*Asks:* 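Sharing a structure below in structure tokens format, with a few things to ask.
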Amino acid sequence: MSVSRIKKILIVGGGSAGWMTAATLSKILKNDYCDITLVESEEIGTVGVGEATIPQIGTFNRTLGIDENEFVRETKGTFKLGIEFVDWGKQGDRYLHPFGPYGLDMEGLSFHAFYMKQHKDQSPQALSDYSLQAVACRDNRFMRPVNAGNSPLSKIAYAFHFDAGLYARYLRKASEGRGVTRIEGKIADVTLNSDDGFVKSVTLEDGREIEADLFIDCSGFRGLIIEGALKAGYNDWTHWLPADRAIAVPCETSRPLLPYTRSTARDSGWQWRIPLQHRMGNGYVYSSAYASDDEAVDTLMGNLEGKPLGDPRFLRFTTGHRKKFWDKNCVAIGLSAGFLEPLESTSLHLIQSGIAKLLQMFPDKEFNQADIDRYNRVTTFEFERIRDFIILHYNATTRDDTPFWDYVRTMSIPDYLEDKINLYKSYGRIFRENEELFNDTSWFAVMNGQNIKAEKYDPVADVISDAETAHRLTHIRETIATSANYMPSHEKFILENCSSGDLENG
Ligand SMILES: Cc1cc2nc3c(=O)[nH]c(=O)nc-3n(C[C@H](O)[C@H](O)[C@H](O)COP(=O)(O)OP(=O)(O)OC[C@H]3O[C@@H](n4cnc5c(N)ncnc54)[C@H](O)[C@@H]3O)c2cc1C
């Protein structure tokens, strides 16, 4: 055994980030590799939101060996095939950003090159016909992929909506079952070594001191160790993403259960709608520079589909990220690392990715600086690319009906995004750079959905004649329509496989 092996890990915080980290580390670092302790404070509580995911969570679940039906049942979850955007490009618009691919790539070219050649109007509605997930959203259907050869039914890409509180509870049970020690208490102080500035211990209000070799800061927006003690610094992106507040309120669920998240643009931000088995999650993400809290409450409460099930909860945030996600012997994961508004449901994914990278570059007590630097470099890249994708939704609009939309429509945008839009505008080309999260299908869905027009289609698309292109695209549409018809309704699938009992009682 290496003398410098990490023997004690302290996870600070028991929200989704803390318990996702605890569940993964306890699964991977098994056979008494090290002690894992998690400290959390019920009095402080968790952020209580974070209920929509993207398909990458499937990898996370498989790593943990999660039984998916049990998981959906216990978190009162539903399935998600994409996000519907309403009123974004202009009022009255509606488009889907579905998971999974559109059509089929042909002759080494992306499907969207042929789509553009065929559909000169590039309408978002027409595009949906080429995605099984989009058609299933429209028809309210869901099933998991089955072994069906080349059929799109073998490649259904999906994610989940779930109750954030129940999710943390579910992961806590799994983590404690694998030996993670949970300590209830409020951290009052963090002690650094006087020689090297590494974190030595945290002290609880009751005086208990907890030492560790590696500290994982999952303490939420406050960044108790990474900012409070280590002063990592913060890159503030409010000038590109001016929303800095959110109000969340659950309401009675409405039927049928939609298999997608809906995001509706409002005067000074946007409203989410997340269907769960026992309730609907709703929230308004807005900019305090353009709307008062009272106006925001009126907007949210005036746009609920069912009876509210609680009082509105107010949240404040600053979009951006820590200048160092990992400093010395502390790694920040979750809201303590940074925040990007949940428009594309990316925060839980960033937690998952942070844990995966930590495991790839897992330290010993020497804390190799080259690994730490790489972790910080890759994570910064990840945050920046998601940031650009989110900015696209705001900036590619013709909305000029409120000062908020005037601002986001006319603001300067990051160079990377500008290049991406310009490339698309000329020949409809999209390239995925390095390991950026969103692939060309996602960028195409949103650029097309937000009405950005390409001047010409990719000239190489002429390798297939017009008649042959039309024929192949018709075949793809028909195959997708037939496949979608084979899928049961979302609600039926849940009732038969993973019902929490709320739907039967509701
Ligand atoms: C409005 C909004 C909507 C969101 N929607 C989505 C979404 O749809 N999809 C998505 O992927 N993500 C979403 N997110 C992000 C998601 O909620 C978070 O990434 C996720 O919940 C993780 O939060 P966390 O665990 O980092 O922080 P928290 O939930 O805030 O947990 C912090 C933990 O630290 C503990 N703690 C703090 N200080 C102390 C102390 N002094 N002593 C002891 N314990 C302490 C707290 O008790 C708590 O257990 C959303 C976020 C917001 C703000």
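All values below were derived from every heavy atom in this structure, side-chain atoms included, with hydrogens, water molecules and symmetry-related copies excluded. Being a predicted model, the structure only gives us computed values, none of them experimental. Counting convention: from 1, in listed order, for ligands and their atoms alike.
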*Asks:* What residues form a ring pair (Phe, Tyr, Trp, His ring centres under 6.0 Å) with F325, not counting sequence neighbours?
*Replies:*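 F325: ring pair (Phe, Tyr, Trp, His ring centres under 6.0 Å) contacts with H321, F383.
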
*Asks:* Can you see whether F314 has R316 sitting over its ring - NZ or CZ less than 6.0 Å from the centre and within 45° of the normal?
*Replies:*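 That pair does not qualify as a cation-pi contact.
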
*Asks:* Closer than 4.0 Å to some heavy atom of E51 - which atoms of ligand 1 meet that?
*Replies:*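 Numbered from 1, ligand 1 contributes 7 (C), 8 (O).
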
*Asks:* In terms of heavy-atom contacts, does NZ of K8 have more than 12 from other residues, nucleotides or ligands at under 6.0 Å?
*Replies:*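 Counting other residues, nucleotides and ligands, NZ of K8 stays at 12 neighbours or fewer.
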
*Asks:* Ignoring angles and geometry beyond distance, decide whether L348 reaches within less than 3.5 Å of ligand 1 through its nitrogen or oxygen atoms.
*Replies:*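 The answer is yes, given that L348 and ligand 1 share an N or O pair closer than 3.5 Å.
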
*Asks:* Between P342 and ligand 1, does any nitrogen or oxygen pair lie at a separation below 3.5 Å?
*Replies:*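 Such a contact does not occur with ligand 1.
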
*Asks:* I'd like to check F142 versus I494 (side-chain heavy atoms, cut-off strictly below 4.5 Å). Are they in contact?
*Replies:*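 Side chain of F142 against side chain of I494, heavy atoms only: no contact under 4.5 Å found.
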
*Asks:* Which one holds for R222 and ligand 1: side chain close, backbone close, both close, or neither close, with close meaning a heavy atom under 4.0 Å?
*Replies:*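 Within the 4.0 Å criterion, R222 contacts ligand 1 through side-chain atoms alone.
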
*Asks:* Is the distance between the ring centroids of W443 and F389 under 6.0 Å?
*Replies:*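 Ring-ring flag for F389/W443: true, centres closer than 6.0 Å.
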
*Asks:* Will you find, in the side chains of E70 and Y170, an N or O donor that is under 3.5 Å from an N or O acceptor?
*Replies:*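 Yes, Y170 and E70 have a side-chain donor paired with an acceptor closer than 3.5 Å.
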
*Asks:* Using distance alone, determine whether G45 and ligand 1 share an N or O pair under 3.5 Å.
*Replies:*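 Checking ligand 1 against G45, an N or O pair does fall under 3.5 Å apart.
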
*Asks:* For a side chain to side chain donor-acceptor pair (under 3.5 Å) check, start with the C-alpha distance between T319 and W240, then their side-chain angles and the critical distance, and finish with the verdict.
*Replies:* CA-CA 9 Å; T319 293; W240 281 316; over 6 Å; no

*Asks:* Count the heavy atoms belonging to other residues, nucleotides or ligands that lie under 6.0 Å from CZ of R182, then report whether that count exceeds 12.
*Replies:*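 Yes, because the 6.0 Å sphere around CZ of R182 holds more than 12 heavy atoms from other groups.
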
*Asks:* For ligand 1, is there an N or O atom under 3.5 Å from any N or O atom of S41?
*Replies:*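 Yes; at least one N/O pair falls below 3.5 Å.
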
*Asks:* How far is atom 1 (C) of ligand 1 from its nearest protein heavy atom, and which residue and atom name does that atom have?
*Replies:*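 Nearest neighbour among protein heavy atoms for atom 1 (C) of ligand 1, to 0.1 Å: A246 CB, 3.5 Å.
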
*Asks:* Number the atoms of ligand 1 from 1 as they appear, then name those within less than 4.0 Å of a heavy atom of I351, with their elements.
*Replies:*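 It comes down to these atoms of ligand 1: 19 (O), 22 (C).
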
*Asks:* With no hydrogens and no angle check, do the side chains of E341 and W270 hold a donor and an acceptor under 3.5 Å apart?
*Replies:*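 Side-chain D/A pair, E341 to W270: present.
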
*Asks:* Do any N/O atoms on V285 end up under 3.5 angstrom from N/O atoms on ligand 1?
*Replies:*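 Such a contact does not occur with ligand 1.
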
*Asks:* May I ask you to identify the nearest protein heavy atom to atom 39 (C) of ligand 1, giving residue, atom name and distance to one decimal place in Å?
*Replies:*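 Here the closest protein heavy atom is I44 CD1, 3.3 Å.
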
*Asks:* Quiz question: by atom type and distance under 3.5 Å, do the side chains of D236 and T238 form a donor-acceptor pair?
*Replies:*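 Present: a donor and an acceptor within the cut-off.
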
*Asks:* State the atoms of ligand 1, each with its element, that fall below the 4.0 Å cut-off from a heavy-atom position in S345.
*Replies:*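 Taking each heavy atom of S345 in turn, ligand 1 has 9 (N), 11 (O) under 4.0 Å.
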
*Asks:* Between A17 and ligand 1, which residue portion shows a heavy-atom distance shorter than 4.0 Å: side chain, backbone, both, or neither?
*Replies:*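 Looking at A17 and ligand 1, atoms from backbone and side chain both fall under 4.0 Å.
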
*Asks:* Quick test: of every protein heavy atom, which one is nearest to atom 6 (C) of ligand 1, and how far off is it to 0.1 Å?
*Replies:*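 Closest protein heavy atom to atom 6 (C) of ligand 1: G50 CA, 3.2 Å.
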
*Asks:* How far is atom 43 (C) of ligand 1 from the closest protein heavy atom, and which atom is that?
*Replies:*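 Nearest neighbour among protein heavy atoms for atom 43 (C) of ligand 1, to 0.1 Å: G185 O, 3.3 Å.
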
*Asks:* For atom 34 (O) of ligand 1, find the nearest protein heavy atom and state the residue, atom name and distance (0.1 Å precision).
*Replies:*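 Here the nearest protein heavy atom works out to G13 CA, 3.2 Å.
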
*Asks:* Of the side chain and backbone of T261, name the one, both, or neither that has a heavy atom under 4.0 Å from an atom of ligand 1.
*Replies:*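 Looking at T261 and ligand 1, no heavy atom falls under 4.0 Å.
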
*Asks:* Could you tell me if the side chain of V408 sits less than 4.5 Å from the side chain of N395, heavy atoms only?
*Replies:*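 Contact flag for N395/V408 side chains = no.
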
*Asks:* Give the single entry among I187, V49, L224 that approaches atom 52 (C) of ligand 1 most closely by any heavy atom.
*Replies:*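 Shortest heavy-atom distance from atom 52 (C) of ligand 1: V49.
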
*Asks:* State the atoms of ligand 1, each with its element, that fall below the 4.0 Å cut-off from a heavy-atom position in A52.
*Replies:*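 The list of qualifying atoms is 7 (C), 8 (O), 9 (N), 10 (C), 11 (O).
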
*Asks:* Could you check whether atom NZ of K155 has more than 12 heavy atoms from other residues, nucleotides or ligands sitting under 6.0 Å from it?
*Replies:*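 Yes, because the 6.0 Å sphere around NZ of K155 holds more than 12 heavy atoms from other groups.
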
*Asks:* Looking only at protein heavy atoms, identify the closest one to atom 19 (O) of ligand 1 and say how far it is in Å.
*Replies:*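 For atom 19 (O) of ligand 1, the nearest protein heavy atom is S347 CB, 3.4 Å.
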
*Asks:* Quick one: are F438 and T346 in side-chain contact, heavy atoms under 4.5 Å?
*Replies:*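 They are in contact (side-chain heavy atoms under 4.5 Å apart), so the answer is yes.
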
*Asks:* Could you tell me which residues satisfy ring pair (Phe, Tyr, Trp, His ring centres under 6.0 Å) with Y286, sequence neighbours excluded, listed by chain and number?
*Replies:*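 Scan of Y286 (ring pair (Phe, Tyr, Trp, His ring centres under 6.0 Å), adjacent residues dropped) gives Y284.
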
*Asks:* Which atoms from ligand 1 have a heavy atom of F339 less than 4.0 Å away?
*Replies:*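 That gives atoms 51 (C), 52 (C), 53 (C) of ligand 1.
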
*Asks:* Would you mind listing which atoms of ligand 1 come within a distance below 4.0 Å of any non-hydrogen atom of V47?
*Replies:*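 In order of number, 17 (O), 21 (O), 28 (P), 29 (O), 30 (O).
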
*Asks:* Would A164 count as a contact of ligand 1 if the rule is a heavy atom under 4.0 Å away?
*Replies:*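 No heavy atom of A164 comes that close to ligand 1.
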
*Asks:* What protein heavy atom sits nearest atom 49 (O) of ligand 1, and how far away is it?
*Replies:*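 Going by distance alone, atom 49 (O) of ligand 1 is nearest to G14 N, 2.8 Å.
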
*Asks:* Which ligand 1 atoms does E40 reach within 4.0 Å, using its non-hydrogen atoms?
*Replies:*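 Ligand 1 atoms under the 4.0 Å threshold to E40: 44 (N), 49 (O).
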
*Asks:* For W272, take its heavy atoms, then give the atoms of ligand 1 lying under 4.0 Å from any of them.
*Replies:*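 Atoms satisfying the 4.0 Å criterion: 1 (C), 3 (C).
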
*Asks:* For N329 and D213, indicate whether the former's side chain and the latter's backbone hold a donor-acceptor pair under 3.5 Å.
*Replies:*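 Yes; judged by distance alone, with no hydrogens or angles, the pair exists.
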
*Asks:* Quick check: L335 and ligand 1, any N/O pair under 3.5 Å apart?
*Replies:*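 Min N/O separation from ligand 1 is below 3.5 Å for L335.
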
*Asks:* Out of curiosity, is G283 lining ligand 1, as in a heavy atom under 4.0 Å away?
*Replies:*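 No; G283 lies far enough from ligand 1 that no heavy-atom distance drops under 4.0 Å.
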
*Asks:* With backbone taken as N, CA, C and O and side chain as the heavy atoms from C-beta onward, which portion of S16 lies under 4.0 Å from ligand 1: side chain, backbone, both, or neither?
*Replies:*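 Looking at S16 and ligand 1, atoms from backbone and side chain both fall under 4.0 Å.
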
*Asks:* Is there a donor-acceptor contact under 3.5 Å linking the side chains of Y95 and Q450?
*Replies:*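 There is such a pair between these side chains.
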
*Asks:* Do other residues, nucleotides or ligands put more than 12 heavy atoms under 6.0 Å from the NZ atom of K76?
*Replies:*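 Result for NZ/K76: enclosed.
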
*Asks:* Applying a heavy-atom cut-off of 4.0 Å, say which part of C218 lies close to ligand 1: side chain, backbone, both or neither.
*Replies:*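 Backbone only.
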
